[in-house]
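This report concerns only the one structure given below.
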Amino acid sequence: MNHELPKQVSVAIVGGGIIGVSCALALARKGVDVAVFEKGTVAGEQSSRNWGWIRSVGRDVKELPLSMLANDIWKDIQSQIDVGYRPTGLAYLAASEGEIAGHESWLEAARDTGARARLLGKAELTRLIPVSKRPWAGALYSEFDGVAEPLAATRGIAALAVASGARIFEGCAVRGLDVSAGRVSGIVTERGLVKCPDVVLAGGAWSRLFCGNHSIEFPQLKVHASVLQTAPIDAGLEVTINGGDFTCRKRSDGGYTVSKLGASVADLTPDSIRLSAKFMRAWLNERKYLKLRIGRRFFDELTIPRRFALDRPSPFEACRTLDPKANLGMLNDALDRLKKTFPSFSGASITRAWAGMIDVTPDALPVISKVTGLPGFHLGSGFSGHGFGIGPAAGRALAELVTGDRPGVDLADFALERFSS
Ligand SMILES: Cc1cc2nc3c(=O)[nH]c(=O)nc-3n(C[C@H](O)[C@H](O)[C@H](O)COP(=O)(O)OP(=O)(O)OC[C@H]3O[C@@H](n4cnc5c(N)ncnc54)[C@H](O)[C@@H]3O)c2cc1C
């Protein structure tokens, strides 16, 4: 995907994850001269490491319009290139009547959004899942939710963008913005300057560092999350499930991707201290699923400069791909619980385990926004562990922000300014 660096483009996108490539696809299809600059490889970070869920159930209702739009776009993408998209149906299993009541509250909150989800009773659920040793009270379910294969999907969307005229430069870090007369006039890459009037930052976990170097405050932290893959197995489970202490979805290769909501760890870092007031409520809300840890990452992140010049190697070149170690203890526990619940998984063996750094905001909603104060700069980051499923719609929304076209989805809840106080 590497070509000679252009001197000028209409829109430069920083980051080749699902958000960056989806934005590139939408812009290229509008005939815009767009280029993506990726410090490592396309889908090297979160976008290839996720569970692959395309989920509306249980989502913050503010994201539901994006989620419903995304379902339509996924179907359209799959009709053009195989990205493993399948509406498998997705169920949040409820272990108790109390959990059913929680799901009823979500359905009530989501009622006016047009979300297509419902409660499943015990009998209906029994027909969907294999024989279970655990009694379930029911489930929150959407037959329209599903999965895609993360790496194939992000690379597939990138390929469609290229076929529509976008250019993608891998191994090309963007050190920062070129600013003239108070507005964006280009990007400074490790291979030189590229002039452009509009920049979209889709830098995942790196967006805070990038913004901070231009005195733009973006409250974002990283959360470590682990995942495992089993060998193909005939376990009789087609629907994607959250069982509370495990999650499981069938892969295109016949194996399963397994994890659990509690497989996430927030390391204490200098940024978590700086942002503690903004994140306190999130930590308290998520304390059941998120473990706070003090370890090496505090000192590792302390060595990363927060301000850096653009005429020498930047922190983005120093780390081409965030590739943390998986937490095998947590993963074995998740697989063990899956096996104890569904005996059809008793022969499941692990073929691969990995981890990723999820980029989170204080309200667990993304920023899909112009950056007021710096015309020409747009931010699409902070997807807080659920940006893969809505990625194609978020990318399209960013493209509409750049071109000034009427937005398909109201983006008021995703403005960067909501964090200024
Ligand atoms: C373990 C795990 C499980 C998840 N499960 C799900 C799920 O089931 N469903 C779901 O919807 N979401 C899930 N997510 C979240 C989802 O993966 C992310 O929200 C989504 O991939 C974010 O996409 P992105 O493009 O913003 O970021 P990324 O995929 O992280 O891409 C950002 C890219 O920007 C590049 N970059 C950064 N700075 C620069 C720079 N200065 N110059 C050049 N390049 C730069 C990086 O190298 C990176 O490739 C999960 C995430 C993880 C880690």
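Read the numbers this way: they start at 1 and go in the same order the structure lists the ligands and their atoms. This chain uses plain numbering: 1 for the first residue, then up along the sequence.
- The atoms of ligand 1 that sit less than 4.0 Å from any heavy atom of Ala225 are 1 (C).
- Heavy atoms of Gly385 approach ligand 1 to within less than 4.0 angstrom.
- For ligand 1 and Gly203, the ligand atoms under 4.0 Å from any heavy atom of the residue are 32 (C), 34 (O), 37 (C).
- At a heavy-atom distance under 4.0 Å, only side-chain atoms of Phe316, from C-beta outward, approach ligand 1.
- Between Asp33 and Arg167 there is a salt bridge, with a side-chain nitrogen of the basic residue lying less than 4.0 Å from a carboxylate oxygen of the acidic one.
- Between Ile18 and ligand 1, at least one pair of N/O atoms sits closer than 3.5 Å.
- Using a 4.0 Å cut-off between charged nitrogen and carboxylate oxygen, Asp245 and Lys260 do not count as a salt-bridge pair.
- Below 4.0 Å from some heavy atom of Gly389 lie the following atoms of ligand 1, by number and element: 10 (C), 11 (O).
- Within the listing of ligand 1, atoms 1 (C) sit less than 4.0 angstrom from a heavy atom of Val227.
- Ala205 does not count as a contact of ligand 1, since none of its heavy atoms falls under 4.0 Å from the ligand.
- Considering backbone and side-chain atoms together, Val174 places an N or O closer than 3.5 Å to an N or O of ligand 1.
- For the pair Asn50 and ligand 1, the shortest N or O to N or O distance falls below 3.5 Å.
- Annotation: atom 38 (N) of ligand 1 to nearest protein heavy atom, Trp206 CB, 3.4 Å.
- Counting only N and O atoms by type, the side chains of Gln78 and Asp82 include a donor and acceptor under 3.5 Å apart.
- Numbered from 1 in the order shown, with element, the atoms of ligand 1 that lie under 4.0 Å from a heavy atom of Gly52 read 8 (O).
- For Arg297 and Thr269, the side-chain atoms include no donor-acceptor pair closer than 3.5 Å.
- Defined by atom type and a distance below 3.5 Å, a donor-acceptor pair is missing between the side-chain atoms of Thr247 and Ser259.
- For Gly380, no nitrogen or oxygen atom sits less than 3.5 Å from a nitrogen or oxygen atom of ligand 1, counting backbone and side chain alike.
- Taking only nitrogen or oxygen atoms, main chain and side chain alike, Arg59 does not reach within less than 3.5 Å of ligand 1.
- Looking from atom 39 (C) of ligand 1 to the surrounding protein, the closest heavy atom is Val14 CG1, 3.9 Å.
- Using a 4.0 Å cut-off to heavy atoms of Phe383, the atoms of ligand 1 that qualify are 19 (O).
- Lys62 has no carboxylate O lying under 4.0 Å from a charged side-chain N of Asp60, or vice versa, which leaves the two without a salt bridge.
- Judged by a 6.0 Å distance limit and a 45° cone about the ring axis, Arg116 is positioned over the six-membered ring of Phe144.
- A donor and an acceptor atom, one from each side chain of Ser180 and Ser185, are located under 3.5 Å apart.
- In summary, the atoms of ligand 1 found under 4.0 Å from a heavy atom of Ala173, numbered by their order in the structure, are 42 (N), 43 (C).
- Among the atoms of Gly40, none of the N or O lies under 3.5 angstrom from an N or O of ligand 1.
- Ligand 1 lies less than 4.0 angstrom from a heavy atom belonging to Ala202.
- Between the choices Gly15, Ser384, Ser314, the shortest heavy-atom distance to atom 34 (O) of ligand 1 belongs to Gly15.
- When only interatomic distances are considered, the shortest N/O to N/O separation between Ile19 and ligand 1 falls below 3.5 Å.
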With side chain to side chain donor-acceptor pair (under 3.5 Å) as the criterion, how do Arg49 and Ser226 come out once you've worked through the C-alpha distance, each side chain's angles and the decisive distance to 0.1 Å?
CA-CA 9 Å; Arg49 293 162 188 262; Ser226 301; over 6 Å; no

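- Residue Glu38 has at least one N or O atom closer than 3.5 Å to an N or O atom of ligand 1.
- Other residues, nucleotides and ligands contribute at most 12 non-hydrogen atoms within 6.0 Å of the CZ atom of Arg312.
- Ranking the protein heavy atoms by distance from atom 43 (C) of ligand 1 puts Lys39 N, 3.1 Å first.
- For ligand 1, one of its N or O atoms has an N or O atom of Gln46 under 3.5 Å away.
- Salt-bridge annotation for Arg175 and Glu317: present, with a side-chain N of the basic residue lying under 4.0 Å from a carboxylate O of the acidic one.
- The distance from ligand 1 to the heavy atoms of His386 drops below 4.0 Å at these ligand atoms: 10 (C), 11 (O), 12 (N), 15 (C).
- Residue Arg49 has no N or O atom closer than 3.5 Å to an N or O atom of ligand 1.
- Figure legend: Arg352 and Trp354 shown as a cation-pi pair, the cationic atom lying under 6.0 angstrom from the six-membered ring centre and within 45 degrees of its axis.
- Between the side chains of Asp363 and Thr361, at least one donor N or O sits under 3.5 Å from an acceptor N or O.
- Taking atom 7 (C) of ligand 1 as the reference point, the nearest protein heavy-atom neighbour is Trp53 N, 3.7 Å.
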One pair to check against side chain to side chain donor-acceptor pair (under 3.5 Å): Thr372 and Glu417. What are the steps and the verdict?
CA-CA 8 Å; Thr372 21; Glu417 282 115 84; 2.9 Å; yes

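- Checked by atom type, the side-chain pair Thr113/Arg59 shows no donor-acceptor distance below 3.5 Å.
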